[in-house]
Amino acid sequence: MSNENVIPFSVTLEVRDTCLCLHVQRAARALARRFDTALRPLGLTNGQFSLLMSLNRPQPATMGSVAQVLDMDRTTLTAALKPLERRGLLESVADPKDARSRLLQLTPEGRALLSRAVPIWRDTHALVDDLLGEGGPARLRSDLAAIR
């Protein structure tokens, strides 16, 4: 093996200790696990909670508007919607302005489940906020927004 392609182990340690992408991914997975665990009794993941919450609006939502809120492509969004639609938590209806387009809305069952999930989300969020300390949550949101 040629030595020209060998990266010293010190570079591995440097990446491990300084890579913002790695640290954000690890934190995101830890947060996701925390919220997944909290929402599990309701049969929801944190992603499903976010998706249902994005549909909690006065008027049915377009696929594009939901995809934008969740920063997802439409294919991924469509796949994420299917299990929730099968559970009867949301429905997809034809857009009266454009029959080729679909509108998404919560069903009464979806609204009821979401109303049970919100207190769990609030409690879990309060625990995370406490871990971050005074001013930490707002600072973190601001810092993350700066990257987008």
Q: Examine Leu31 and Leu127 and state if one hydrophobic cluster contains both, with Ile, Leu, Val, Met, Phe, Trp and Tyr joined whenever side-chain heavy atoms are less than 4.5 Å apart.
A: no

Q.
Treating Asp36 as the side-chain partner and Thr45 as the backbone partner, does any N or O pair qualify as donor plus acceptor under 3.5 Å?
A. no

Please answer whether the main-chain N or O of Arg33 pairs with a side-chain N or O of Thr37 as donor and acceptor at a distance below 3.5 Å. yes

Across all chains, not counting sequence neighbours, the salt bridge (charged side-chain N to carboxylate O under 4.0 Å, His left out) partners of Arg100 are Asp98

Under 3.5 Å donor-acceptor pairs involving side-chain atoms of residues 61-70, not counting sequence neighbours:
{"unit_1": "Thr62", "atom_1": "OG1", "unit_2": "Ser65", "atom_2": "N", "d": "3.0"}
{"unit_1": "Thr62", "atom_1": "OG1", "unit_2": "Ser65", "atom_2": "OG", "d": "3.1"}
{"unit_1": "Ser65", "atom_1": "OG", "unit_2": "Arg57", "atom_2": "NH1", "d": "3.2"}
{"unit_1": "Ser65", "atom_1": "OG", "unit_2": "Thr62", "atom_2": "N", "d": "3.3"}
{"unit_1": "Ser65", "atom_1": "OG", "unit_2": "Thr62", "atom_2": "O", "d": "2.9"}

Side chain to side chain donor-acceptor pair (under 3.5 Å) filter on Asp130, not counting sequence neighbours, yields none

| task | Kindly indicate whether the side chain of Leu104, heavy atoms from C-beta on, has any atom under 4.5 Å from the side chain of Glu91. | result | no

| task | Answer yes or no: is there a side-chain heavy-atom contact under 4.5 Å between Phe35 and Phe49? | result | no

- Side-chain touch Leu106/Leu52, heavy atoms, less than 4.5 angstrom: yes

Please tabulate, for side-chain N and O atoms in residues 9-30, each donor-acceptor pair with protein atoms closer than 3.5 Å (sequence neighbours left out).
{"unit_1": "Thr18", "atom_1": "OG1", "unit_2": "Glu14", "atom_2": "O", "d": "2.6"}
{"unit_1": "His23", "atom_1": "NE2", "unit_2": "Arg16", "atom_2": "O", "d": "3.0"}
{"unit_1": "His23", "atom_1": "NE2", "unit_2": "Asp17", "atom_2": "O", "d": "3.4"}

For Val93, the other hydrophobic cluster members (4.5 Å side-chain criterion, sorted by chain and number) are Leu103

- Atom CD1 of Ile7: over 12 foreign heavy atoms under 6.0 Å: no

Correct closest heavy-atom pair for Gln105 and Pro60 would be OE1-CG, 3.1 Å

Contacts of Lys82 meeting side-chain contact (heavy atoms from CB on, under 4.5 Å) (sequence neighbours excluded), chain-then-number -> Thr78, Arg86

Shortest non-hydrogen pair, Thr76 vs Met72, comes out as CG2-CE, 3.8 Å

| message | side-chain contact (heavy atoms from CB on, under 4.5 Å) for Thr124 and Arg34? Distances and angles first, verdict last. | response | CA-CA 8 Å; Thr124 306; Arg34 185 179 294 265; 3.8 Å; yes

- Hey, does the side chain of Arg139 reach the backbone of Leu132 with a donor-acceptor pair shorter than 3.5 angstrom? no

Please list, one pair per line, the donor and acceptor atoms closer than 3.5 Å that link side chains of residues 107-117 to other protein atoms, with sequence neighbours excluded.
{"unit_1": "Thr107", "atom_1": "OG1", "unit_2": "Gly88", "atom_2": "O", "d": "2.4"}
{"unit_1": "Thr107", "atom_1": "OG1", "unit_2": "Leu89", "atom_2": "O", "d": "3.2"}
{"unit_1": "Thr107", "atom_1": "OG1", "unit_2": "Glu109", "atom_2": "N", "d": "3.4"}
{"unit_1": "Thr107", "atom_1": "OG1", "unit_2": "Glu109", "atom_2": "OE1", "d": "3.2"}
{"unit_1": "Thr107", "atom_1": "OG1", "unit_2": "Gly110", "atom_2": "N", "d": "3.0"}
{"unit_1": "Arg111", "atom_1": "NH1", "unit_2": "Asn56", "atom_2": "OD1", "d": "3.2"}
{"unit_1": "Ser115", "atom_1": "OG", "unit_2": "Ala112", "atom_2": "O", "d": "2.7"}

Those residues at least two apart in sequence (or on a different chain) that pass side chain to side chain donor-acceptor pair (under 3.5 Å) with Asp129 are His125

Are Leu51 and Leu77 packed together at the side-chain level, in the sense that at least one heavy-atom pair is separated by less than 4.5 angstrom? yes

Donor-acceptor pairs under 3.5 Å, side chain of residues 140-148 to any protein atom, not counting sequence neighbours: which ones?
none

